[in-house]
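The structure is given below, and queries will be raised subsequently.
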Amino acid sequence: MLAKIKSQIARPRAPWEKNLVVLWFGTFMAGIGFSLVMPFMSLYIDTLGHFSNQELNFWSGITFSSTFLVTTIISPWWGKLADQKGRKLMLLRASLGMAVVIGLMGAVTSVYQLVALRFLQGIFSGYISNATALVATGTPREKSGQVLGTLATGSVTGTLLGPLLGGVTASAFGYRPTFFITASILALVFLLSLIFVHEEFTPVEKKDMQPAKEILKNLKYPHVIIGMFITTMIIQASNNSISPIISLYIRQLLHGHGNVTLISGIIASIPGIATLIAAPRFGRLGDRIGSERILAIGLLMAMLVYLPMAFVTNVWQLAALRFLIGISDACLLPAVQSLITKYSPQQAAGRIFSYNQSFQATGNVIGPLIGSSVSSMLGYRGVFFSTSVLVFANFLLVRHNTAEIKEKAEHETEIYSESTDVAEQPQKH
């Protein structure tokens with residue numbers, strides 16, 4: 001057994017396997033970079049001036065949402081540039097840009113400077129989408145589900161563990177050093193991407209670039225790709241709809257006793273652990289039975305798990321259900337990325353995945369707005385009901401958009417079975 005493990009570790013690896021290792025770490029750190037500040041951003045803003053509660057809520061909202069709003073707008077442009085110049089260049093641009101911008105956040109003296117830097121962070125987005133495009137176009141198609149599932153655990157786990165790591169680091173070192181530490185790690189991501197990521201890329205001349213309308217028009221299943229964009233947005237909106245109320249809901253469950261901040265960080269991070277464990281396994285299963293089936297299973301599971309969250313009576317029940325949400329997350333985004341990979345032209349992968357990132361960022365903006373609005377009208381428990389309804393609507397959308405794929409797969413299976421039966425019949429002489 002030990003010899004087998006050693007031989008597996010020491011075996012020569014293909015370039016796409018080496019890329020996967022480096023880019024997993026890179027997407028993990030990029031996810032952390034976007035979510036690290038969540039537990040203490042409002043507190044950090046409070047140190048930058050004298051604000052009333054209303055002013056603090058206003059500046060916190062602007063600071064949180066600005067990055068995702070800019071990402072929504074700028075991503076398609078970066079995607080077009082990636083198809084012209086290569087995805088590796090975009091990885092280097094994003095990682096170095098984020099390192100500089102997040103480092104500068106630790107040195108601001110006013111909330112205006114912080115908001116400006118959060119806008120800039122959105123401009124330097126794109127590491128995750130370009131890492132996905134690079135891996136998707138360089139990986140053998142028969143392994144795409146497993147590999148993209150593994151890669152997705154990096155960004156998802158980083159995003160979900162970021163708040164916990166941010167809270168712990170800020171408690172140990174203070175707010176400002178947390179930004180400097182994160183910037184240093186992102187600078188390391190830049191160096192690793194520069195030295196170890198390998199890309200076989202033929203530049204596309206600007207005059208030869210297809211317009212976005214032409215790309216979508218020439219897709220084999222355009223409704224599937226556009227449907228996956230919308231699905232990505234709804235997945236992110238669903239995951240983030242409970243973000244504004246999770247700590248308040250936990251405080252209610254604890255009846256005002258216990259370390260609410262620490263427990264909230266732990267419970268917010270639990271789905272990341274489940275996703276880390278489950279995503280590669282669901283990716284392999286998707287390669288065998290179809291990513292569209294895995295996606296439908298994940299959405300049904302999420303819908304059924306969000307509902308009982310409204311009825312929990314203690315934090316342990318909530319923690320167990322959050323773990324199950326992590327398992328459903330392991331089905332969702334990797335399956336979406338696999339479907340996009342299978343039904344998109346490789347020469348336009350940068351733009352296709354950047355459009356997907358725009359929808360993902362839009363979901364990050366919409367989700368908290370839904371959560372805040374519903375909780376103000378129906379209370380905390382109402383958020384879980386509305387999220388379950390949103391997920392069910394997404395399930396119906398996915399069923400509709402992937403129906404043609406499933407029909408074609410079933411038809412091909414029938415033809416194969418019939419031809420096999422004919423081949424196996426004894427020949428008459």
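All values derive from a computational prediction rather than experimental measurement.
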Report yes if some heavy atom in the side chain of Leu307 is under 4.5 Å from a heavy atom in the side chain of Phe384; otherwise report no.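 They are not in contact (no side-chain heavy atoms under 4.5 Å apart), so the answer is no.
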
Decide yes or no for Asn394 and Ser238: does some side-chain heavy atom of the first lie under 4.5 Å from some side-chain heavy atom of the second?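 No - every pair of side-chain heavy atoms lies 4.5 Å or more apart.
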
Do Met233 and Met228 come close enough that some side-chain heavy atom pair is under 4.5 Å?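 Not in contact.
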
Side chain to side chain contact (heavy atoms under 4.5 Å, CB included) between Phe180 and Phe173, intermediate numbers included: CA-CA 11 Å; Phe180 300 143; Phe173 302 105; over 6 Å; no

How are the rings of Phe359 and Phe229 set relative to one another: parallel (under 30°), tilted (30 to 60°) or perpendicular (over 60°)?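 Because their plane-to-plane angle is under 30°, the rings of Phe359 and Phe229 count as parallel.
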
Going through the checks in order, is the side chain to side chain contact (heavy atoms under 4.5 Å, CB included) test met by Ile294 and Cys331? CA-CA 6 Å; Ile294 295 295; Cys331 297; 3.8 Å; yes

Is a donor on one side and an acceptor on the other found under 3.5 Å between the side chain of Lys88 and the backbone of Val197?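 Here the side-chain-to-backbone pair exists.
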
Under the 3.5 angstrom rule, does the side chain of Thr178 hit a backbone N or O of Gly174 as a donor-acceptor pair?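 Looks like yes, one N/O pair under 3.5 Å.
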
Backbone of Asn356 reached by a side-chain donor or acceptor of Gln360 within 3.5 Å: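 Side chain of Gln360 to backbone of Asn356: no pair is present.
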
Side chains of Gln252 and Tyr380: does their closest heavy-atom pair fall under 4.5 Å?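 Side chain of Gln252 against side chain of Tyr380, heavy atoms only: contact under 4.5 Å found.
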
Answer whether the closest heavy-atom distance between the side chains of Leu134 and Asn130 falls below 4.5 Å.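 No, side chains not in contact.
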
Please give me the minimum heavy-atom distance between Gly31 and Ile128, naming the atom from each residue.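 In this case the closest contact between Gly31 and Ile128 is N-CD1, 4.3 Å.
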
Counting N and O atoms only, with roles assigned by atom type, does the side chain of Arg293 sit under 3.5 Å from a partner on the main chain of Ile289, one being a donor and the other an acceptor?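 Looks like yes, one N/O pair under 3.5 Å.
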
Measure the CZ-CG distance between Phe392 and Leu397 for me, rounded to the nearest 0.5 Å.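 If we round to the nearest 0.5 Å, Phe392:CZ and Leu397:CG are 12.0 Å apart.
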
Gap separating the CD1 atom of Ile297 from the CD1 atom of Ile327, nearest 0.5 angstrom: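 Reported to 0.5 Å precision, the distance equals 13.0 Å.
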
Between Asn19 (side chain) and His198 (backbone), is there a donor-acceptor pair under 3.5 Å?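 Judged by distance alone, yes, a pair lies under 3.5 Å.
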
Tell me the closest heavy-atom pair linking Val383 and Gly371, and the distance in Å.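 Shortest heavy-atom contact: CG2-O, 3.6 Å.
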
Can you name the nearest heavy-atom pair linking Ser241 to Thr387, along with the distance?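 Heavy-atom minimum between the residues: OG-OG1, 2.7 Å.
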
Checking the side chain of Ser388 only, and the main-chain atoms of Phe385 only, is there a donor and an acceptor separated by less than 3.5 Å?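 No, because the side chain of Ser388 does not come within donor-acceptor range (under 3.5 Å) of the backbone of Phe385.
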
Please confirm whether the backbone N or O of Ala335 pairs with a side-chain atom of Ser338, one donor and one acceptor, at under 3.5 Å?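 Such a contact is absent between Ser338 side chain and Ala335 backbone.
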
Qualifying residue for side chain to side chain contact (heavy atoms under 4.5 Å, CB included) with Val108, from Ile45, Leu117, Val115: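 One option only clears the test, and that one is Leu117.
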
Can you give me the closest heavy-atom contact between Arg176 and Gly106, atom names plus distance?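 Heavy-atom minimum between the residues: NH1-O, 2.9 Å.
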
So, Arg118 versus Thr67: side-chain donor-acceptor pair below 3.5 Å or not?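 There is such a pair between these side chains.
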
Donor-acceptor contact below 3.5 Å, side chain Gln236 vs main chain Gly367: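 No.
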
Side chains of Thr27 and Ser155: is there a donor and an acceptor less than 3.5 Å apart?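 Ser155 and Thr27 do not have a side-chain donor-acceptor pair below 3.5 Å.
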
For the residue pair Trp59 and Tyr112, categorise the inter-ring angle as parallel (less than 30°), tilted (30 to 60°) or perpendicular (more than 60°).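 Correct class here is perpendicular.
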
Shortest non-hydrogen contact from Ala319 toward Ile267: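 Closest approach of Ala319 to Ile267, heavy atoms only: CB-CG1, 4.3 Å.
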
Might you work through the side chain to side chain contact (heavy atoms under 4.5 Å, CB included) test for Val391 and Ile234, ending with a clear yes or no? CA-CA 7 Å; Val391 173; Ile234 298 176; 5.8 Å; no

With a 4.5 Å cut-off on side-chain heavy atoms, are Val312 and Tyr249 touching?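 Tyr249 reaches Val312 side chain to side chain.
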
State, without any angle test, whether Thr402 and Glu292 hold a side-chain donor-acceptor pair at a distance under 3.5 Å.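 No, no side-chain donor-acceptor pair sits under 3.5 Å.
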
Would you say the side-chain atoms of Thr275 pair up with the backbone N or O of Gly326, donor to acceptor, closer than 3.5 Å?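 Present.
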
Under 3.5 Å, is there a donor on one side chain and an acceptor on the other for Thr109 and Gln113?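 Short answer, yes.
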
Evaluate the side-chain proximity of Phe395 to Met303: yes if any heavy-atom separation is below 4.5 Å, no if none is.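 Of all side-chain heavy-atom pairs linking Phe395 with Met303, none is under 4.5 Å.
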
Could you work out, with side chain to side chain donor-acceptor pair (under 3.5 Å) as the rule, every residue matching Arg281, not counting sequence neighbours?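 With neighbours one apart ignored, the set is empty.
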
Which atom of Ser125 lies closest to which atom of Ala94, heavy atoms considered: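 Closest approach of Ser125 to Ala94, heavy atoms only: O-CB, 4.1 Å.
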
Intermediate values then yes/no, side chain to side chain contact (heavy atoms under 4.5 Å, CB included), Leu191 and Phe196: CA-CA 8 Å; Leu191 292 173; Phe196 295 109; over 6 Å; no

Approximate separation, where rounding is to 0.5 Å, of Leu23 CG and Phe28 CZ: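 The CG atom of Leu23 sits 15.0 Å away from the CZ atom of Phe28.
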
Would a distance-only check, ignoring hydrogens and angles, find a side-chain to backbone donor-acceptor pair under 3.5 Å from Trp24 to Thr150?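 Indeed, once roles are kept as given, a pair shorter than 3.5 Å links the two residues.
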
For the atom pair CD (Gln317) and CG (Leu253), what is the distance rounded to the nearest 0.5 Å?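 Answer for the CD-CG pair, Gln317 versus Leu253, is 8.5 Å.
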
Find out whether Trp16 and Val147 are in side-chain contact, i.e. whether some heavy atom of one side chain is under 4.5 Å from a heavy atom of the other.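 Touching, per the 4.5 Å side-chain cut-off.
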
